[in-house]
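Heads up: the structure comes next, in structure tokens.
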Amino acid sequence: MNVFKWLLRRRNRGEGSAHRGAAGRSPSEERTDPANTTDGASEASDISSRLADNLQRMQQIFDRCSDIAILHWQYGPEMKYSAFSIYSKALVQKKETNYFKDSLQDLVRHEIGPGTEVTPENIGHYFSRHVASSNSALLVKNFDEAVADVLNGNIVIFIDLWDKALSYAAKGLETRQVSESVNEPVVLGPRESTVESLSKNIGMLRNRLKTPQFKIEPVPSSGQTKTKVVYGYLEGAVNREVLAEFQRRIAGLRDKEILETSFVEEIIEDSKYSPFPQFRYTERTDVAVASLLEGKIIVMVEGTGSTLICPGLFVELLQSSEDYYQRTVISSLIRLLRLVALLIAVGLPSIYIAFSTYHPELIPTVLLLAIVNSREGIPFPAFLEALVMEFFFELLREAGIRLPRPVGSAVSIVGALVIGEASINAGIASPIMVIVVALTGIASFAIPQYNLGIALRILRFPLMLCAAALGLFGVMIAFILIWLHLASLRTLGQPYLSPLGPFIPRQQKDVYVRAPLGTLLRSPRLQHMRETAKHAEQMHAQE
């Protein structure tokens, strides 16, 4: 028998609406006797034992809010007791409200005890000691928590002469169903991706990582959105120093309005003005679980399908989940191909400008003649020609992203062909420049992480400027400055170039190439046991 079967006769319906938002909290069940008939509340945040006071406060809070429904009920002998329920019509499933159609006497007879009179004291006495039902019933003592429950999709019931409220989950907001990842497509491997529902995402991760060592902790939030933010880690695998630093930084979210995972990234990252991403994103549950096994920390936000992985090292941004689903030789060759694509995406236009402008003697004669013939009649120097073509290429790429998906790819492809062909025929761009720009764009598409691809697009332009000013010497200076920046960059206090700098020999098996999985797979539990045993030995030696 459901605990929440009520015979409450509806007399009026008051409606109003609430600010949309979600409040993350862990309400504790009150175990004290609720038979408290004192007038008013001891504090402003406490629930009053007078139903009229609670109703007035709710009506004031949800004034001019059309999606909030307040239902008035009478129950008990001769219907002399009053109660009201409040919920958001936009968040609560309609079928959940049907629980009120049954009889409160049946509830008391089957749940509280036969022959028990239906009074607020008896109801409160029972629920204070047996708060449990199939509908996740909770006892609420604080008025702010009651408001938060309403905004979180719960039905909250206030009863006259009782200074507490009943709240049970009835959220029925539709969310996107689990499907294949759009941003991280693969040929082999799992295809499920995270969605905008935080509970679904946690469930998918828990289904893959069935261990109590997988810890998920909420981040207290304030502000108007009260968005649920949680972070997870695998105890025994995570670096305790990194975890402590992460917890110190994420505490700054308390007074921030968080709408998406990228908001968290910018708040906790080390260098906010660096073009290089210091964290990774993923929509794939297998990637998130693999990161947890490697000792990473993940951050998930209600309302967004992206999972933030902390810290994110530079070498990890060039890796894909499919590297571990292909054979070793194939995965290693693909990784080397991505490394070449990285160099082409960031440096090919600048190298072409430097060679054609300052160092033509380094170009083979036949190729030099072909370049000279193709540039004959071009009114612009190589730098300005490359700058214009890169600008239009980036413009087409951005337009293809913003346009509706059915026409976006067609417009970008047709636009690139038409503009390239028209530029050559008009004599404002050479064929070799069109080839260079096209190769650069294709190479940037081979980078697995989109945020790293954006960084390479930004760095391409200052490199072109250095090449136009000083030739290959300028390109070398620019690359040295970029490398120095990478060497000094840190993510959650860890070196960004690790395990390359500092160089860690035992971790080179999964950097440029991928060693056989038998040498890479390890149990974090066994690793934790080894570290614990080593620490115990050190303590014993000191004693």
Side-chain angles (χ1 to χ4, degrees), residues 181 183-184 193-194 198 201-202 205 215-217 219 221 227-234 237-253 256 258-321 338 342 447-459 482 485-501 507 510-511:
S181 175
N183 297 325
E184 298 176 88
S193 66
T194 52
L198 182 60
N201 295 339
I202 294 176
L205 294 180
K215 308 298 182 182
I216 299 177
E217 299 189 27
V219 179
S221 61
T227 306
K228 289 183 180 179
V229 182
V230 300
Y231 65 92
Y233 58 91
L234 190 61
V238 67
N239 187 312
R240 296 185 180 276
E241 295 180 358
V242 174
L243 180 61
E245 179 64 19
F246 171 83
Q247 291 172 336
R248 183 187 68 81
R249 296 187 187 185
I250 206 168
L253 300 182
K256 301 295 191 302
I258 304 299
L259 299 177
E260 213 272 338
T261 316
S262 57
F263 288 37
V264 180
E265 176 192 15
E266 189 165 344
I267 292 173
I268 67 175
E269 65 183 353
D270 291 67
S271 179
K272 294 178 173 53
Y273 299 102
S274 173
F276 291 94
Q278 294 142 60
F279 304 107
R280 286 191 294 156
Y281 286 95
T282 185
E283 293 179 345
R284 298 175 56 86
T285 55
D286 58 327
V287 174
V289 171
S291 301
L292 289 168
L293 293 172
E294 293 175 357
K296 305 292 184 180
I297 304 168
I298 62 172
V299 181
M300 294 179 288
V301 178
E302 179 74 44
T304 178
S306 299
T307 301
L308 189 67
I309 301 176
C310 317
L313 305 180
F314 181 74
V315 296
E316 295 172 346
L317 298 174
L318 296 174
Q319 298 174 359
S320 171
S321 62
R338 289 198 199 106
L342 171 69
I447 305 301
Q449 287 288 323
Y450 177 72
N451 48 6
L452 178 59
I454 295 177
L456 301 181
R457 289 161 59 183
I458 295 173
L459 292 174
I482 292 174
H485 172 69
L486 290 174
S488 62
L489 193 61
R490 305 182 78 82
T491 169
L492 285 183
Q494 303 300 303
Y496 189 59
L497 288 180
S498 179
L500 300 177
Q507 295 185 9
D510 196 23
V511 179

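From a predicted model like this one, the values you see are computed outputs, not experimental measurements. Sequence positions, counted from 1, serve as the residue numbers for this chain.
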Fill in: With Ser320, the side-chain contact (heavy atoms from CB on, under 4.5 Å) member among Arg338, Gln449, Glu184
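Only one of Arg338, Gln449, Glu184 forms a side-chain contact (heavy atoms from CB on, under 4.5 Å) with Ser320, namely Arg338.
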Discussion item. Within the supplied structure, the quantity of interest is the number of heavy atoms (other residues, nucleotides, ligands) at a distance under 6.0 Å from Glu241 CD; does it exceed 12?
Written reply: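 Incorrect, the count does not exceed 12.
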Worksheet item: How far apart are the C-alpha atoms of Glu294 and Glu316, what are their side-chain angles, what is the distance that settles it, and do they pass the side-chain contact (heavy atoms from CB on, under 4.5 Å) test?
Response: CA-CA 12 Å; Glu294 293 175 357; Glu316 295 172 346; 4.3 Å; yes
For [X] against [Y], the heavy-atom pair lying closest together:
X      : Y      : result
Leu489 : Ser274 : CD2-OG, 3.7 Å
Lys272 : Glu269 : CA-OE2, 3.3 Å
Leu459 : Ile482 : CD1-CD1, 4.2 Å
Ile258 : Thr227 : O-OG1, 2.6 Å

If you define the side chain from C-beta out and look only at heavy atoms, does anything of [X] sit under 4.5 Å from [Y]?
X      : Y      : answer
Ile309 : Phe279 : no
Pro499 : Val511 : yes
Lys256 : Ile267 : yes
Val238 : Ile297 : yes
Val299 : Phe246 : yes
Leu452 : Leu318 : yes
Val289 : Leu205 : yes
Cys310 : Thr491 : no

Tell me whether [X] contacts the main-chain N or O of [Y] through its side chain, where contact means a donor paired with an acceptor under 3.5 Å.
X      : Y      : value
Lys296 : Tyr233 : no
Gln507 : Leu500 : no
Gln278 : Pro311 : no
Thr261 : Ser306 : yes
Thr285 : Ser193 : no
Ser488 : His485 : yes
Asn451 : Pro277 : no

State the [atom1]-[atom2] distance between [X] and [Y], to the nearest 0.5 angstrom.
X      : Y      : atom1 : atom2 : value
Tyr281 : Thr304 : OH    : OG1   : 8.5 Å
Ile268 : Leu492 : CD1   : CG    : 5.5 Å
Glu245 : Arg490 : CD    : CZ    : 10.5 Å
Glu302 : Leu259 : CD    : CG    : 12.5 Å
Gln247 : Arg240 : CD    : CZ    : 10.5 Å

Worksheet item: Can you check side-chain contact (heavy atoms from CB on, under 4.5 Å) on Lys215 and Tyr231, steps first, answer last?
Response: CA-CA 8 Å; Lys215 308 298 182 182; Tyr231 65 92; over 6 Å; no
Worksheet item: Among Asn183, Thr307, Thr194, which one satisfies side-chain hydrogen bond (donor to acceptor under 3.5 Å, both in side chains) with Glu283?
Response: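 Of Asn183, Thr307, Thr194, side-chain hydrogen bond (donor to acceptor under 3.5 Å, both in side chains) with Glu283 is met by Asn183 alone.
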Worksheet item: Does one side chain, of Ser291 or Arg280, offer a donor that lies under 3.5 Å from an acceptor on the other?
Response: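 Ser291 vs Arg280: donor-acceptor pair found between side chains.
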Practice prompt. Kindly indicate, with the supporting measurements, whether the criterion side-chain contact (heavy atoms from CB on, under 4.5 Å) is fulfilled by Ile298 and Met300.
Written response: CA-CA 7 Å; Ile298 62 172; Met300 294 179 288; 4.2 Å; yes
Worksheet entry | Evaluation steps, side-chain contact (heavy atoms from CB on, under 4.5 Å), between Ile202 and Ile216 | CA-CA 9 Å; Ile202 294 176; Ile216 299 177; 3.3 Å; yes
